[in-house]
Amino acid sequence: AQSVTQLGSHVSVSEGALVLLRCNYSSSVPPYLFWYVQYPNQGLQLLLKYTSAATLVKGINGFEAEFKKSETSFHLTKPSAHMSDAAEYFCAVSDRGSTLGRLYFGRGTQLTVWP
Amino acid sequence: KAGVTQTPRYLIKTRGQQVTLSCSPISGHRSVSWYQQTPGQGLQFLFEYFSETQRNKGNFPGRFSGRQFSNSRSEMNVSTLELGDSALYLCASRIGEDQPQHFGDGTRLSIL
């Protein structure tokens with residue numbers, strides 16, 4: 001089974017600072033990778049996805065993530081944090097080539113943005 | 001285009017009761033998956049349905065069941081509710097095998 005590790009359950013940054021949320025996966029075959037964001041009392045919103053194209057993936061709201069096979073990582077970054085970015089972020093993987101729609105999630109990282 | 005719709009948004013039940021949650025996927029999406037989210041266990045996969053057939057199931061007891069209808073709408077049922085079933089239940093749909101899942105806002109189930 002796949003597993004996902006998100007380093008740091010809480011990350012705090014100042015408004016305008018760099019956001020870096022870490023995600024590592026365990027798989028011998030590069031899986032499909034996703035980042036989702038969850039605001040209070042809401043479901044998960046897709047930020048970006050990596051399937052097999054460019055290793056640097058751009059998503060919504062200025063976020064991007066880089067797939068690094070050698071490090072089995074898919075870290076999420078944003079150059080300048082905004083107050084509205086405060087939320088919980090989840091990294092998820094699914095098996096490449098599988099018809100099965102199962103996602104394996106990390107435990108999440110709560111992002112706090114200070115004014 | 002409407003997103004994934006889950007009803008009801010909130011439910012309060014007592015131990016021993018049963019509950020049915022509903023999910024309407026995005027139009028054209030035939031795959032529906034269900035997840036349970038709790039503070040202790042995080043996000044856990046329950047099952048996936050495609051064309052009215054369950055094709056994948058997570059590690060949950062048989063009290064958790066689901067079905068999908070011909071219009072792709074899905075329901076999940078939990079029988080003999082336990083306190084530990086209190087959670088946010090999320091439904092997600094997708095259009096294709098290499099496409100991401102899109103989530104609804106969930107049903108928050110509280111067991112008293």
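In what follows, chains are A, B, ... by sequence order, proteins preceding strands, each numbered from 1.
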**Asked** What part of A:Leu46 gets closer than 4.5 Å to chain B, counting heavy atoms only: side chain, backbone, both or neither?
**Response** side chain
**Message:** For the CG atom of A:Asn41 and the CZ atom of B:Arg9, what is their distance to the nearest 0.5 Å?
**Reply:** 7.0 Å
**Prompt:** Can you check whether A:Leu103 reaches B:Leu43 side chain to side chain, under 4.5 Å on heavy atoms?
**Reply:** no
**Prompt:** Do you reckon B:Val78 sits in the same ILVMFWY cluster as B:Leu83, going by side-chain contacts under 4.5 Å, direct or chained?
**Reply:** yes
**Asked** Do other residues, nucleotides or ligands put more than 12 heavy atoms under 6.0 Å from B:Arg63 CZ?
**Response** yes
**Item:** Crowding at CG, B:Asn71 (>12 non-hydrogen neighbours, <6.0 Å)
**Value:** yes
**Item:** N/O donor-acceptor pair under 3.5 Å between A:Arg102 side chain and B:Leu46 backbone
**Value:** no
**Request:** Verify the neighbour count for atom CZ of B:Arg73: are there more than 12 heavy atoms of other residues, nucleotides or ligands below 6.0 Å?
**Result:** yes
**Request:** First locate atom CD of B:Gln99, then atom OH of A:Tyr32, and finally report the distance between them rounded to the nearest 0.5 Å.
**Result:** 9.0 Å
**Asked** Does B:Phe103 offer a backbone N or O that forms a donor-acceptor pair with the side chain of A:Tyr36 under 3.5 Å?
**Response** no
**Request:** Below 4.5 Å from any heavy atom of chain B, which atoms of A:Gln45 appear? Answer side chain, backbone, both or neither.
**Result:** neither
**Item:** Nearest heavy-atom neighbours spanning B:Pro100 and A:Lys49
**Value:** CD-NZ, 3.6 Å
**Complete:** Under 4.5 Å to a heavy atom of chain A? For B:Phe50 that would be neither
**Request:** Sort out for me which of B:Gln6, B:His102, B:Arg108, B:Gln37 touches chain A most, counting heavy-atom pairs under 4.5 Å.
**Result:** B:Gln37
**Message:** Is B:Ser31 in contact with chain A via its backbone, its side chain, both, or neither, using a 4.5 Å heavy-atom distance?
**Reply:** neither
